[in-house]
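Here is the structure we will look at.
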Amino acid sequence: MTERRLYLIDAFALIFRAYYGNMRLKNGAAYTMARMLLALVAQHKPTHIAAVFDRPEPTFRHEIYPEYKANRAEMPEDLRPQVPLIKDLIQALNIPVVELAGYEADDVMGTLARMASREGLPTVIVSPDKDLLQLVDDPGGVQVLNNRDGEVWIDRAGVKARFGVWPEQVVDVLALMGDASDNVKGVDGIGEKGARDLVDQYGSLDAILAHRGELKRKAHREGLEAALDRLPLVRRLVTVVTDLTLPVTPADLAYPGVDMAQARNAFKALGFEQLTKEFTAVGSATAPAPERRYRAAATLADLEAAVAACRQAGRFGLDTETTSLDPVRGHLVGLSLAWQEGDGLYVPLAHLKPGSEAAEGALPGLLPESGLPEALLDLRGDPEAFFDDLAPHLDPRNLPFREVRRILAPLLADPAVAKAGQNLKYDLQVLRRHGLPVAGVGDDSMVLSFLLDARSRHNLDDLSSRHLDLRPIPFEAVVGKGKAQKRFDEADFDQAVQYAAEDADLALRLCRKLGPLVDAAGLERLYREVDLPLVAVLADLELDGVRLDPAVLERLAVDLRAQREASLARAVELAGEPFNLNSPAQLGRILYEKLGLPVLKRTDKTKAPATDEDVLTELAQREDGEIAQVLLRHRQVQKLLSTYVEALPTMVNPVTGRLHTRLHQAAVATGRLASSDPNLQNIPVRTEEGRAIRAAFVPRPGWVFLDADYSQIELRVVAALAGDPVLLGAFERGEDIHRRTASEVMGVPMEAVEPSQRSAAKAVNFGLLYGQGAFALSGSLGITFKEAKAFIDRYFERMPKVAEWIEATKARALEDGLVRTRWGRVRPIPDLHSSNPGLKAQALREAVNTVVQGTAADIMRRAMVRFAQALAKEGLAARLLLQVHDELLVEAPPEEADRVEALLREAMEGADDLGTLGVSLAAEVRRGANWMECK
DNA sequence: CAATACGCGTAC
DNA sequence: GACGTACGCGTATTGG
């Protein structure tokens with residue numbers, strides 16, 4: 001018999017969470033609410049339960065304080081109609097709905113909880129709202145279940161731990177800090193932290209008031225003095241009422257359990273197909289779990305049998321579990337193999353003993369500050385020694401790493417056995433760092449999904465529900481969320497097994513499903529010859545990293561900090577008061593309210609007066625514009641310092657001494673790669689000062705950098721796709737394309753083109769790629785709209801094929817609702833048929849730009865694969881370090897430099913071998929002792 | 001405290 | 001309305 005307990009659901013709080021968690025589906029809030037309640041009922045088997053709602057009528061709080069909740073936004077349009085549906089749904093689940101006019105759900109729950117306590121019935125309040133912590137009372141009394149972050153139970157000690165004070169002190173804290181969302185003002189100068197500290201120190205609000213003259217902080221003393229009259233009212237507003245007269249008693253809330261048929265009818269009426277199906281099954285009172293054959297390997301013989309089965313199958317799903325999402329941090333905790341659908345074997349390697357002290361620093365072999373496994377990072381360390389050190393802390397259910405490695409290594413390294421995974425790049429990196437190199441990347445569900453639709457989401461959860469109609473165990477369900485989040489090696493063992501084995505199974509199933517779709521879409525070659533081999537190329541690139549010389553940046557930092565201080569001082573002097581130069585809001589007040597400068601532009605979202613570079617440049621021209629000038633300089637310096645000069649050195653990996661960026665293959669809708677942590681695709685180059693940062697990027701000692709740029713690759717793509725003879729001719733003759741454009745459009749001979757004419761032509765050429773209009777061109781060139789329009793018109797007159805191609809591309813996009821690159825990569829563009837003319841125009845620009853940018857991106861991907869293959873074939877030591885859209889950075893030993901340069905040029909210039917473009921590609925290679933010298 | 005939004009600025 | 005694709009920093013707000 002389960003323990004008697006009353007569960008009180010804070011209905012609106014959960015509904016809002018359900019709503020924001022599932023906005024995309026029609027009736028998404030109702031659906032998610034149903035799922036949450038079913039999970040709660042299945043997991044906790046409550047003996048008593050109620051869903052408590054707020055009523056729309058004003059409450060006693062409005063009566064004693066008219067402004068109560070006056071700032072509340074209306075309920076979202078698409079949520080309001082769901083509320084009655086949700087009420088019906090809850091009742092269909094046999095859960096009683098309780099509400100009382102004039103009082104909020106909090107008060108009803110408070111009263112019910114107190115009544116239950118008196119009857120000896122323990123109560124659990126399910127809510128993320130901190131206000132309810134005041135009701136907590138144990139042992140055997142009231143607990144709060146915050147199921148926002150996984151599941152967090154909060155008892156008296158929990159309130160103290162999370163909120164800093166005991167439950168009976170919560171109202172005092174709330175009174176001091178107020179509640180912005182209810183429009184209740186607390187004490188000026190006291191925020192949440194201040195309130196907690198004060199109550200903790202003095203014990204209660206009354207005690208604080210009695211000692212208000214002695215408080216340390218002036219702001220606290222003055223704030224309290226000013227709020228003295230208001231505080232009793234505030235305290236009453238935030239206090240939950242526990243003595244209402246209710247039409248129900250806890251005994252009335254006994255829970256009979258879900259009635260399958262009744263629930264099924266409700267789900268069906270709401271159109272929840274999956275749930276309807278689940279509840280159609282005969283049998284138990286709760287939703288039947290789909291059959292899982294997921295288990296952990298208990299012995300090495302289990303593993304050996306699995307390896308044999310994988311070999312037999314010729315391909316298997318592979319997934320690794322680690323202590324960190326960052327592929328160059330953390331260590332292997334286990335790995336999963338799945339060789340037939342529905343099965344999955346998890347191999348546990350480094351799960352900690354339950355309840356063992358798992359503080360990061362306490363684990364042997366981890367660098368104390370970063371938690372990095374030292375032995376594993378530089379690829380030369382000894383992973384087995386690391387696991388030996390770990391052994392005393394490990395759960396006995398783990399298998400010994402040394403033996404597992406011996407058994408698995410040949411399978412993983414065998415290119416004839418295909419590995420299927422979700423984001424295999426990550427697994428490749430983790431395994432290689434543990435002395436388990438992988439060959440035979442057979443399929444990657446993330447890469448497949450990206451090829452089919454570059455716009456959608458590609459994580460395992462989304463893919464599984466979209467393509468398999470399965471909802472995998474959420475990662476958070478295993479490790480928790482927020483403060484209570486654990487590392488994977490600390491998670492519950494059995495849950496970890498299910499989660500991990502499922503991932504390998506799902507990846508295998510997704511690849512089986514998506515592979516044929518990619519083939520059917522005519523994308524097989526793009527997948528097999530570009531995107532799939534790119535996975536291993538990027539894995540290596542990221543692991544290699546690039547060397548950074550911190551001394552270069554430190555010198556730069558000293559100089560820039562001095563400049564920043566000087567401009568700060570001058571700006572404050574000109575403003576007449578101190579302010580935060582980094583705050584556009586504060587800056588706006590100074591510029592436009594205090595100094596009375598004219599507002600030239602407003603921001604898009606909030607219509608606040610803009611303070612961007614354009615505006616400041618304009619203001620700087622004025623007599624009283626010195627402050628704008630100073631700010632421009634400050635902005636530039638601050639940007640360089642905060643984003644690059646001070647940030648980059650902190651991201652250097654302490655073991656490798658190198659910067660390991662991440663390159664994302666399935667991130668950019670056009671097919672470009674994206675770089676992050678740090679982003680090395682936006683290192684400054686335009687200004688001299690910014691460029692100096694590139695001098696800190698250096699090859700390993702004794703080696704050289706080779707840096708290769710595609711020349712005008714996007715314009716070449718346009719020329720080829722449009723078949724424009726003027727542009728194609730210019731490229732074939734190796735001419736300066738902007739000069740040629742100027743010559744054609746302005747009707748002057750090539751040698752007579754003025755620099756200003758060339759730069760105008762250059763602007764038009766770039767604008768072309770983005771679908772720029774005359775208005776924007778006039779702005780960027782500082783000419784009139786009329787002049788710009790005439791310029792563009794003449795451009796298309798001289799190059800009519802380009803105009804035709806643009807129109808044809810738009811027409812095709814409108815017909816298909818999507819665009820494709822030269823090699824078939826797909827990007828759906830939903831707004832193409834928008835009734836909003838602005839959105840539609842934007843969609844058309846996106847369509848044209850995507851074909852150009854995406855085709856160039858495909859070519860660059862292919863070039864990277866070709867180059868990596870060439871290096872491997874010739875057994876060279878040179879390494880590919882970075883890709884910046886049209887540029888590849890390589891480091892090589894000096895004796896390899898000539899050969900590598902030839903290979904690099906060949907790889908890039910011949911990279912349209914998947915479907916000839918019809919224009920020659922040109923790559924320019926430079927050498928240098930640092931990245932700056934390569935420009 | 002953390003997550004999120006915003007304004008801004010860097011790259012190609 | 002009027003130029004496409006990204007990522008990151010600092011500030012300010014929110015958390016229902």
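Naming convention: chains lettered A, B, ... in sequence-line order (proteins, then strands); numbering from 1 in each chain. All heavy atoms count here, side chains included; hydrogens, waters and symmetry mates do not.
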### Task
Give the nucleotide from the list B/dC8, C/dG10, C/dA12 with an atom nearest to the side chain of A/Asn582.
C/dG10

### Query
How long is the line joining CG of A/Asp10 and P of C/dG15, in whole Å?
15 Å

### Query
Which pairs count as side-chain hydrogen bond (donor to acceptor under 3.5 Å, both in side chains) when at least one residue sits in residues 769-785 of chain A, sequence neighbours excluded?
A/Thr784-A/Glu787

### Query
Atom CG of A/Asp614 and atom P of B/dG9: how far apart are they, to the nearest Å?
9 Å

#### Entry: side-chain contact (heavy atoms from CB on, under 4.5 Å) against A/Arg694, all qualifying residues, sequence neighbours excluded
A/Ile683, A/Val685, A/Glu887, A/Trp931, A/Met932, A/Lys935

### Query
Got a sec, which residues hit side chain to side chain donor-acceptor pair (under 3.5 Å) with A/Gln629, two or more places apart in sequence or on another chain?
none

### Task
Could you check how far CD of A/Glu689 sits from P of B/dG9, rounded to whole Å?
16 Å

### Message
Mind checking if A/Ile683 touches a base, just sugar-phosphate, or nothing, with heavy atoms under 4.0 Å?
### Response
sugar-phosphate

### Query
Does anything in residues 673-692 of chain A pair up under salt bridge (charged side-chain N to carboxylate O under 4.0 Å, His left out), and if so which pairs, sequence neighbours excluded?
A/Arg633-A/Glu689, A/Arg662-A/Asp677

### Summary
Residues passing the side-chain contact (heavy atoms from CB on, under 4.5 Å) test with A/Arg564, sequence neighbours excluded, are A/Arg561, A/His634, A/Val637, A/Gln638, A/Leu641, A/Glu646

### Message
Using a 4.0 Å cut-off on heavy atoms, which residues in residues 630-650 of chain A reach DNA chain B? List them by number, or say none.
### Response
A/Arg635, A/Lys639, A/Tyr644

### Task
Extract the stems that DNA chain C is part of, considering only consecutive pairing runs of at least three Watson-Crick or G-U wobble pairs, both distances under 3.5 Å.
B:1-12 with C:4-15

#### Entry: Under-4.0 Å side-chain N/O to phosphate OP1/OP2 contact, A/Gln681 with C/dG8
no

### Query
Could you write nucleotides 1-7 of chain C as a row of B, S and -, 5' to 3', where a protein heavy atom under 4.0 Å of any base atom gives B, of only sugar-phosphate atoms gives S, and otherwise -?
-BBBBSB

### Query
Could you state the CG-P distance from A/Asp612 to B/dT10, rounded to the nearest angstrom?
11 Å

### Query
Can you find a side chain N or O atom of A/Asn580 that sits less than 4.0 Å from OP1 or OP2 on C/dT11?
yes

### Message
Suppose we screen for side chain to side chain donor-acceptor pair (under 3.5 Å). Which residues come up paired with A/Thr670, at least two apart in sequence or across chains?
### Response
A/Gln853

### Task
Scan residues 759-771 of chain A for pairs that pass salt bridge (charged side-chain N to carboxylate O under 4.0 Å, His left out), counting only residues two or more places apart or in two chains.
none

### Query
What orientation do A/Phe785 and A/Phe775 show, parallel under 30°, tilted 30 to 60°, or perpendicular over 60°?
tilted

### Message
My understanding is that only residues two or more places apart in sequence, or in another chain, count here; which of them pass side-chain contact (heavy atoms from CB on, under 4.5 Å) with A/Val848?
### Response
A/Trp805, A/Ile806, A/Thr809, A/Lys810

### Task
Under 4.0 Å between any heavy atoms, over every strand shown, what does A/Ala857 touch: base, sugar-phosphate, or nothing? Just pick one.
nothing

#### Entry: Interatomic distance, A/Leu581 CG vs C/dC9 C1' [rounded to whole Å]
15 Å

### Query
Is the closest side-chain donor-acceptor distance between A/Thr59 and A/His62 under 3.5 Å?
yes

### Query
Nearest-Å distance, CD (A/Glu104) to P (C/dG16)?
14 Å

### Message
What is the distance, to the nearest angstrom, from the CD atom on A/Gln586 to the P atom on C/dT13?
### Response
10 Å

### Query
Between A/Ser583 and B/dG7, is there a side-chain N or O to OP1/OP2 distance below 4.0 Å?
no

### Query
CG of A/Leu132 versus C1' of C/dG16: gap in Å, rounded?
12 Å

### Summary
Sequence neighbours excluded, the answer for side-chain contact (heavy atoms from CB on, under 4.5 Å) partners of A/Asn836 is A/Ser834, A/Leu839

### Sole candidate of A/Arg825, A/Arg820, A/Arg845, A/Arg827 that passes side chain to side chain contact (heavy atoms under 4.5 Å, CB included) when paired with A/Thr850
A/Arg827

### Task
Quick one: label A/Val685 by what it contacts on the DNA or RNA (base, sugar-phosphate, nothing), any heavy atom closer than 4.0 Å.
sugar-phosphate

